[in-house]
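To keep things clear, I will list the structure first and then write my remarks on it.
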Amino acid sequence: MGKYNHKEIEQKWQKIWEENKVVKIDKDDTKNKYYVLDMFPYPSGDGLHMGHTESYTASDVFYRFKKMQGFNVLHPQGFDAFGLPAENFAIKTKVHPAQTTEKNINNYIRQMKSLGLNYDFDEQAVTSDPKYYKWTQWIFEQFYKNGLVYKRTQKTNWCSSCQTVIANEQVVNGECERCGTKIEQKEIPGWFFKITDFADDLIDGLDKVDWPEHTKKNQINWIGKSEGAKITFKLTSNSQQLTENIEVFTTRPDTLFGATYMVLAPEHSLVTELKDQIANWGEVEKYIEETKNKTELDRLEAKEKTGVKLEGIFAINPANKEEIPIFIADYVLGGYGTGAIMAVPAHDERDFEFAKKYNLPVVQVVSIKDSFYRSVVWGWGENETVKDLIELGINILEKVETNTGAGEIIFKIEIPKDKIESFVELIEKKLKPLYWNEFIGESGITFIFKHKDNKVEKINLSKETEDKIDRLTYEFFNEHPVPKDYKRKESVWKHYSEVENGFYKDLIIHSEKGMLINSEQFTGINSEEAKQKITEFVGGEMTSNYRLRDWSISRQRYWGCPIPIVYSPEGEAQLIPEEYLPWTLPTDVDFKPTGVSPLGDSKEFKERTEKIFGKGWTPEYDTMDTFVDSAWYFLRYPDIHNEKEFCSETRKKWLPVDLYIGGAEHTYMHLLFARFFTKAMHKIGLISFDEPFLKLRHQGMVLDAQGKKMSKSKGNVVNPDEMIKRFGADSVRTYMLFAAPLEDEVIWNENNIVGIYRFLEKVWKIKSVVFASSGATAEERGNPASSLEKQNKVKNLLHKTIKKVSGDIENLKYNTAVSSMMILINEMEKVEEINKEDYESFLKLLSPFAPHITQELWEQLGNESLIQNESWTEYNKDLAKDDTYKIAVQVNGKVRDEIEIEEGTDEEDVKKKAFESKIIQKWLEGKEPKKVIYVKNRILNVVVDNSNK
RNA sequence: GCCGGAGUGGCGGAAUUGGUAUACGCGCACGACUCAAAAUCGUGUCUCGCAAGGGAUGUGGGUUCAAGUCCCACCUCCGGCACCA
């Protein structure tokens with residue numbers, strides 16, 4: 001047997017796999033199905049990057065594992081082939097995007113094969129293939145027929161560089177996600193998907209999928225649901241009611257009586273509509289212009305709030321009928337809610353800031369005081385006090401350092417009504433011992449009072465509690481125990497009033513819920529109740545508001561899926577009948593962007609339309625956002641060649657996807673869109689499930705040796721081809737998964753991959769000590785008798801490793817799976833001979849990670865089958881069991897000795913054995929153990945009392 | 001500012017989910033083989049200490065027989081969001 005030659009082996013087996021069509025599965029057999037899916041790549045000219053190799057290897061390992069476990073595994077791959085880079089390339093070089101794309105796809109396929117990834121490329125989904133996008137168009141039409149698609153003109157994000165509209169979700173910090181150009185606002189007609197119809201479903205559905213928690217949270221935040229009310233404010237000018245109204249969305253209708261002014265976003269349409277009534281129009285117009293020039297970033301970075309009052313018009317607060325001023329200010333955004341707010345400065349920090357600056361009235365309408373008692377407490381040690389108070393459910397409002405004594409700390413606190421008794425108990429408990437230990441200077445006492453009608457009142461406590469407080473107070477300030485004839489003294493209450501003054505001056509701006517005050521007939525009820533009642537009272541409507549907006553899918557680009565719509569000579573939109581699908585992309589176009597869709601150039605496209613629909617009919621020139629293509633591709637794989645349906649009923653049994661692996665960068669858009677498609681198609685009745693991906697895992701980024709992101713501009717991009725050439729696919733695969741947990745970042749350090757290479761070389765070499773099982777004894781084979789014992793040890797470790805690796809793969813903890821196989825190999829290395837079956841079992845374990853070398857060795861052992869078609873070795877429970885355990889013996893929690901016990905030794909015997917240890921006896925110093933804790937096969941902890949000497 | 005994640009040797013990381021911290025790999029040091037080097041193999045490698053023993057999982061406190069793991073406060077780094085009414 002020669003040296004391990006990765007190149008030769010990998011080429012040999014990749015060819016054999018191809019010839020034997022190992023990737024073929026029977027797609028009609030869904031009885032024992034498992035669907036593992038990768039996020040398909042965009043076929044860029046740069047080829048695969050290292051991030052792909054990690055994620056695709058991760059799924060390939062899982063696929064091979066599940067396959068060996070007897071599942072029929074669908075593990076497809078495809079290409080998200082529409083998109084801007086190919087089009088931009090075409091603009092530059094005149095090479096048609098279809099050509100570029102095909103070339104790139106072939107390169108990707110070559111690279112994937114060279115990594116040993118088993119995909120069936122006869123079954124690939126390519127989104128730019130008419131056979132694929134026929135169904136993208138078909139689904140569009142189903143959505144259209146079911147009212148999920150609409151057209152409207154809208155202020156949209158316009159990228160002047162890409163000459164196209166950018167979805168809200170694709171704008172990053174006011175800049176185009178792809179090219180970084182500043183986004184302008186432009187009015188453009190376009191088609192929208194009603195994703196907001198599914199906002200609640202998109203939130204609720206997350207409950208039933210196995211996804212990373214942070215991904216779920218991010219999706220929920222992205223959807224951004226808030227519950228509140230829509231309330232209408234009437235307007236007046238010169239005491240005359242105007243026809244226009246201002247509608248606001250508020251999450252706090254309970255604070256309506258505190259709304260002392262209103263703010264419109266400068267871009268709010270009402271502002272210009274009211275031009276004639278606005279006395280200071282010049283000033284207002286100037287502010288609007290200024291705002292237009294500000295990017296969103298400018299607006300949010302502004303340290304100080306700015307705005308302009310609309311002179312001459314007022315709004316009527318529908319709750320108390322008071323006239324309140326109206327401002328425009330850029331801290332209110334046009335794009336969220338209704339673009340207008342009612343400002344309640346007492347209960348919103350931003351409104352308060354603005355009110356302070358423009359000297360607007362602040363009316364408190366929610367009191368948190370009446371449901372709490374406010375108090376001051378001297379702490380008994382900072383951390384401890386904080387902890388105790390929080391545990392009791394007491395809010396700490398503020399920490400006040402004072403100079404009343406060395407190291408004193410005073411906290412202002414709020415005590416919920418129902419906690420008062422336990423609070424008194426706490427201070428009594430904490431102060432008494434401190435007092436007796438003469439730490440009185442650091443201890444504290446409390447005063448309890450509450451605010452009511454602008455007055456401070458001592459609260460009504462039971463006589464008993466009141467006495468307790470008084471006594472403690474007295475003790476503290478007089479520094480001696482309560483005399484028998486104790487009576488409340490003046491000095492105590494003097495302190496009280498000082499505190500009262502310092503405290504009472506504070507105006508507390510809070511956004512808590514509480515008890516309503518200054519709210520006429522609603523005074524005295526709580527916020528939650530008031531929300532409903534006040535909304536009802538002013539004729540408003542309880543509703544939800546979402547951050548999520550409908551999905552704008554129209555793009556003025558060439559290289560995308562044509563929207564299957566034509567317009568009548570009167571301009572009416574009509575779906576293209578199904579029989580004409582796929583509605584193909586014309587080829588006679590110029591790619592140069594002109595701000596209008598390049599499809600408008602095509603003579604053929606126009607002629608085709610007129611030929612089918614009649615003279616004067618025109619096609620829709622826009623193409624679809626490429627996120628549409630990728631929003632449903634996973635539904636196509638099971639039945640990719642079906643020309644009659646996007647997927648037949650029998651093949652739908654493959655769905656949904658069992659495991660989906662891909663980058664965390666798709667947390668928002670792609671995953672949200674795919675979920676929307678699934679839910680929409682479910683609602684229409686096209687599929688029977690409403691969540692596309694049951695289990696989702698992300699792979700981390702691959703960074704360079706310095707831990708930096710790889711990028712072309714930095715010139716630190718590692719080329720997978722080169723790595724495969726140098727180290728072999730098996731090493732690259734295994735290293736990627738060994739270097740870090742799947743979801744963590746992987747540092748690509750060439751110096752470290754040699755560890756994996758050495759490991760594979762060891763695996764290779766160990767074959768030479770494998771013997772075929774026969775009747776001969778070890779001695780007869782020329783090996784020492786001790787060999788058998790060692791072999792049994794290896795067998796035991798082997799079965800433990802099988803157990804470990806199986807569990808780790810199942811949980812995608814590949815890094816520890818690899819390390820445990822290394823441990824096994826290190827042990828195998830030490831024995832003179834290895835049983836063939838044991839070695840074969842090991843090869844099977846390693847085969848998902850390093851499929852080539854294991855296959856080669858498998859063959860060299862005389863097997864004619866393919867190792868990937870073998871069944872996964874189950875571990876033998878008895879063989880994986882340990883006969884003896886080393887357990888740690890602790891005295892007072894510190895490890896002092898180690899004893900060896902046999903499996904099944906009962907607790908008493910373990911104790912007996914432990915106490916026999918001289919070391920333990922030494923540490924026990926002849927004392928009786930207070931307590932002995934035994935954790936089976938792990939640890940024995942002996943607790944002795946050594947406080948007294 | 002808010003949300004999320006993380007902090008363990010020189011480095012990547014492990015720790016049976018509260019039970020012997022530092023597995024595995026890299027690197028480094030020494031040794032063997034060699035004329036020599038590479039490769040390979042062996043030994044060692046958290047820290048203080050001759051040892052007995054002590055100290056270490058960002059910092060401080062707490063719960064527990066027992067804490068990297070749980071609780072509280074703080075610090076640092078990474079990612080995401082951005083005045084959401």
Side-chain angles (χ1 to χ4, degrees), chain A residues 173 212-215 217-218 220-222 224-226 228 248-252 255 263 265 296-297 299-302 305 329-333 335-344 347-351 353-354 381-384 386-391 511 545-547 664-665 667-668 701 705 707 735 738-741 743-756 758-759 761-762 765 804 807 813 815-816 818-823 825-826 829 886-898 922 929-944:
Chain A
N173 286 336
E213 272 315 304
H214 68 267
T215 308
K217 277 181 189 156
N218 284 339
I220 290 168
N221 290 342
W222 189 268
K225 180 177 185 171
S226 48
V248 300
F249 173 77
T250 175
T251 53
R252 294 298 301 273
T255 63
V263 184
E296 221 168 276
L297 208 68
R299 269 167 90 160
L300 61 95
E301 272 181 356
K305 301 226 177 310
D330 62 13
Y331 81 93
V332 172
L333 303 176
Y336 184 78
T338 61
I341 61 157
M342 60 178 224
V344 185
H347 303 293
D348 184 287
E349 243 175 86
R350 291 156 300 162
D351 295 346
E353 254 180 72
F354 191 83
E382 182 173 351
N383 288 319
E384 210 188 330
V386 169
K387 181 181 160 267
D388 288 343
L389 293 178
I390 286 172
E391 260 176 21
S511 48
N545 194 46
Y546 302 88
R547 206 190 82 109
E665 69 272 17
T667 300
Y668 301 108
M701 251 188 297
Y735 175 67
F738 171 67
E743 63 280 8
D744 287 5
E745 292 162 342
V746 170
I747 304 238
W748 184 262
N749 191 331
E750 280 177 27
N751 299 327
N752 289 344
I753 196 173
V754 302
I756 294 291
R758 285 178 195 153
F759 163 66
E761 277 186 319
K762 280 186 204 171
K765 276 193 228 159
K804 168 87 177 147
K813 290 167 91 180
N815 55 329
T816 49
V818 174
S819 101
S820 67
M821 286 189 283
M822 285 174 166
I823 294 170
I825 278 297
N826 290 343
E829 236 191 341
K886 279 181 181 166
I887 68 162
V889 183
Q890 299 181 326
V891 178
N892 285 344
K894 282 197 190 283
V895 180
R896 297 303 181 188
D897 199 11
E898 199 174 68
K922 187 191 125 197
K930 216 162 77 180
K931 200 172 173 187
V932 180
I933 293 117
Y934 176 57
V935 182
K936 196 169 177 241
N937 297 341
R938 282 212 182 282
I939 207 162
L940 184 85
N941 190 9
V942 184
V943 185
V944 291

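Chain letters run A, B, ... following the sequence lines, proteins first, then strands; residues in each count from 1.
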- Query: What distance, rounded to whole Å, do you find between the two C1' atoms, one in B:C26 and one in B:C75?
  - Reply: 31 Å
- Message: Assess, by modelled atom type and distance only, whether the side chains of A:N749 and A:Y735 contain a donor and an acceptor separated by less than 3.5 Å.
- Response: no
- Partner of B:U63 under the Watson-Crick or G-U wobble criteria, both distances under 3.5 Å, comes out as none
- Task: Determine the contact category for A:I933: base if any of its heavy atoms lies under 4.0 Å from a base atom, sugar-phosphate if only primed atoms, P, OP1 or OP2 are that close, otherwise nothing.
- Result: base
- Verify, without hydrogens or angle tests, whether A:N892 (side chain) and A:V944 (backbone) share a donor-acceptor contact under 3.5 angstrom. yes
- Examine the base of B:C83 for any acceptor or donor lying under 3.5 Å from a partner atom in the side chain of A:K305, and report the outcome as yes or no. yes
- Message: Quick check on B:A23: is either OP1 or OP2 less than 4.0 Å from any side-chain nitrogen or oxygen of A:S820?
- Response: no
- B:G53 and B:A36, which share atom name P, separated by this distance in whole Å: 44 Å
- Using atom C1' of each nucleotide, how far apart are B:G4 and B:A85 to the nearest Å? 24 Å
- Item | Closest listed nucleotide, where the reference is the side chain of A:N751 and the choices are B:A66, B:G25, B:C26 | B:C26
- Item | Rounded distance in Å between the P positions of B:A6 and B:G13 | 13 Å
- Query: Using the P atom in both, what is the distance from B:G7 to B:G68, to the nearest Å?
  - Reply: 13 Å
- Considering Watson-Crick and G-U wobble pairs with both distances under 3.5 Å, what does B:U45 pair with? B:G27
- Query: According to a strict under-4.0 Å criterion, is A:K217 in side-chain N/O contact with OP1 or OP2 of B:C3?
  - Reply: no
- Base, sugar-phosphate, or nothing for A:Q890, non-hydrogen atoms under 4.0 angstrom? base
- Task: Would you classify A:N826 as touching base, sugar-phosphate or nothing, given that sugar-phosphate means primed atoms plus P, OP1 and OP2, and contacts are heavy atoms under 4.0 Å?
- Result: sugar-phosphate
- Quick one: look up who B:A15 pairs with, Watson-Crick or G-U, both distances under 3.5 Å, and put none if it's unpaired. none
- Out of B:G27, B:G12, B:A85, which nucleotide sits closest to the side chain of A:V754? B:G27
- Task: May I ask which nucleotide in the shown strands pairs with B:C35, Watson-Crick or G-U wobble, both distances under 3.5 Å?
- Result: none
- Distance, C1' atom - from B:U17 to B:A52, rounded to whole angstrom: 35 Å
- Message: I want to check one thing: is the phosphate of B:A82, taken as OP1 and OP2, less than 4.0 Å away from some side-chain N or O of A:R547?
- Response: yes
- Query: Which base sits across from B:U57 as a Watson-Crick or G-U pair, both distances under 3.5 Å?
  - Reply: none
- Which nucleotide in B:A14, B:G54, B:C83 has an atom nearest any side-chain atom of A:K894: B:G54
- Message: Given the structure, check if the side chain of A:N752 and the base of B:C26 hold any donor-acceptor pair shorter than 3.5 Å.
- Response: no
- Query: Have A:N941 and A:K931 got a donor and an acceptor in their side chains that come within less than 3.5 Å?
  - Reply: no
- Nearest-Å distance once atom C1' is located in both B:G19 and B:U69: 11 Å
- Message: What contact category does A:E743 fall into here, base, sugar-phosphate, or nothing, at under 4.0 angstrom with non-hydrogen atoms?
- Response: nothing
- Message: On RNA chain B, compare the nucleotides closest to A:S819 and A:Y546; which residue's is nearer the 5' end?
- Response: A:S819
- Would you indicate, yes or no, if B:G25 has its OP1 or OP2 atom less than 4.0 angstrom from a side-chain nitrogen or oxygen of A:N815? no
- Message: Could you identify the nucleotide paired to B:G68, looking across every strand shown and requiring Watson-Crick or G-U wobble geometry with both distances under 3.5 Å?
- Response: none
- Query: Any idea which of B:A23, B:G53, B:A85 is nearest the A:K922 side chain?
  - Reply: B:G53
- Walking RNA chain B from its 5' end, the first of A:E761 and A:V935 to be reached, judged by nearest nucleotide, is A:V935
- Query: Which one, B:G13, B:A15, B:C83, comes nearest to the side chain of A:A740?
  - Reply: B:G13
- Please work out whether B:U17 sits syn or anti, treating a glycosidic angle within 90° of 0 as syn. syn
- Message: Side-chain N or O of A:K813 versus OP1/OP2 of B:C24: is the shortest distance under 4.0 Å?
- Response: no
- Message: Pairing check on B:C2: which nucleotide meets the Watson-Crick or G-U wobble criteria with it, both distances under 3.5 Å?
- Response: B:G80
- Distance test, side-chain N/O of A:R252 to OP1/OP2 of B:A85, below 4.0 Å: no
- Message: So, does A:R350 get its side chain near the phosphate of B:C84, meaning an N or O under 4.0 Å from OP1 or OP2?
- Response: yes
- Message: Within 90° of 0 counts as syn, otherwise anti: where does B:G49 fall?
- Response: anti
- Message: Taking B:A15 as the reference, what is the distance to B:U20 when you measure between their P atoms (whole Å, please)?
- Response: 13 Å
- Item | B:C50 pairs with, by Watson-Crick or G-U criteria that keep both distances under 3.5 Å | none
